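Please read these numbers as outputs of a predicted model, since none were measured by experiment. Start at 1 with the first residue, then count along the sequence.
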Amino acid sequence: MHVRLAPGEALFLHTDGVDEARDGTGRCFPLGGALAKAAAGPGATPARLVAGVYAALLRHTGGRPADDVALLVLRNDRPLRDRPADRPGGERMRGEGLRPAGGASR
């Protein structure tokens, strides 16, 4: 599967230990709400998104998630003018474009 992030777009990735994390009453972690809160306001960098969601997760679980937890945010910080379609003739440069899922590259 390939995904193209437009300039300014971000992708939030996580393991199942995040959305399946439970509090003392057995309630699952509200990932959507925690992510929306972390992304609200100016300065929502990838590092701040991860830190905000992780802090909320620790509060939810009492500081003890029962499963592994991994969070990753990928964001395309390229300016709009660097898109291949914006170049004269819309040509692509060799090696430019999407990378295979999993981060493999040539």
Side-chain angles (χ1 to χ4, degrees):
M1 180 170 118
H2 289 98
V3 176
R4 181 184 305 262
L5 293 178
E9 287 186 331
L11 178 65
F12 180 86
L13 303 168
H14 62 88
T15 58
D16 65 348
V18 176
D19 57 352
E20 294 175 0
R22 298 182 184 272
D23 64 9
T25 66
R27 195 173 51 102
C28 285
F29 177 59
L31 176 58
L35 183 57
K37 185 175 180 180
T45 65
R48 286 186 182 176
L49 290 174
V50 167
V53 170
Y54 188 64
L57 177 73
L58 291 179
R59 284 191 301 276
H60 182 79
T61 61
R64 297 182 180 177
D67 197 0
D68 66 301
V69 171
L71 303 169
L72 175 67
V73 176
L74 302 172
R75 184 175 68 189
N76 181 350
D77 286 336
R78 294 175 77 182
L80 288 172
R81 67 181 182 279
D82 286 348
R83 293 184 310 174
D86 291 340
R87 291 198 183 103
E91 71 272 4
R92 294 181 91 130
M93 297 178 71
R94 182 182 170 100
E96 181 178 49
L98 301 175
R99 300 269 186 233
S105 62
R106 294 181 200 185

Practice item. Using atom types as modelled and distance alone, determine if a side-chain donor or acceptor of His60 lies under 3.5 Å from a backbone N or O of Pro65. Key: no

For [X] versus [Y], what's the shortest heavy-atom pair and its separation?
| X | Y | result |
| --- | --- | --- |
| Ala70 | Val18 | O-CG2, 4.0 Å |
| Ala56 | Ala34 | CB-CB, 3.9 Å |
| Leu57 | Ala21 | CD1-CB, 3.4 Å |
| Ala38 | Ala44 | O-CB, 4.2 Å |
| Arg4 | Glu9 | O-OE1, 4.0 Å |
| Leu71 | Val50 | CD1-O, 3.7 Å |

Spacing of [X] atom [atom1] and [Y] atom [atom2] [to the nearest 0.5 Å]:
| X | Y | atom1 | atom2 | answer |
| --- | --- | --- | --- | --- |
| Leu49 | Leu72 | CG | CG | 11.0 Å |
| Leu11 | Asn76 | CG | CG | 11.5 Å |
| Glu20 | Asp67 | CD | CG | 7.0 Å |
| Asp77 | Thr45 | CG | OG1 | 9.5 Å |

Review point. Does Leu35 belong to the same Ile/Leu/Val/Met/Phe/Trp/Tyr cluster as Leu58, with side-chain heavy atoms less than 4.5 Å apart forming each link?
Key: yes

Review point. Linking I/L/V/M/F/W/Y whenever their side-chain heavy atoms sit closer than 4.5 Å, directly or via other members, would Leu74 and Val3 fall into one cluster?
Key: yes

Review point. Around Phe12, counting heavy atoms of other residues, nucleotides and ligands shown, do more than 12 lie under 6.0 Å from its CZ?
Key: yes

Review point. Should Phe29 and Thr61 be marked as a side-chain contact (heavy atoms from CB on, under 4.5 Å) after you check the CA-CA gap, both sets of side-chain angles, and the distance that decides it?
Key: CA-CA 8 Å; Phe29 177 59; Thr61 61; over 6 Å; no

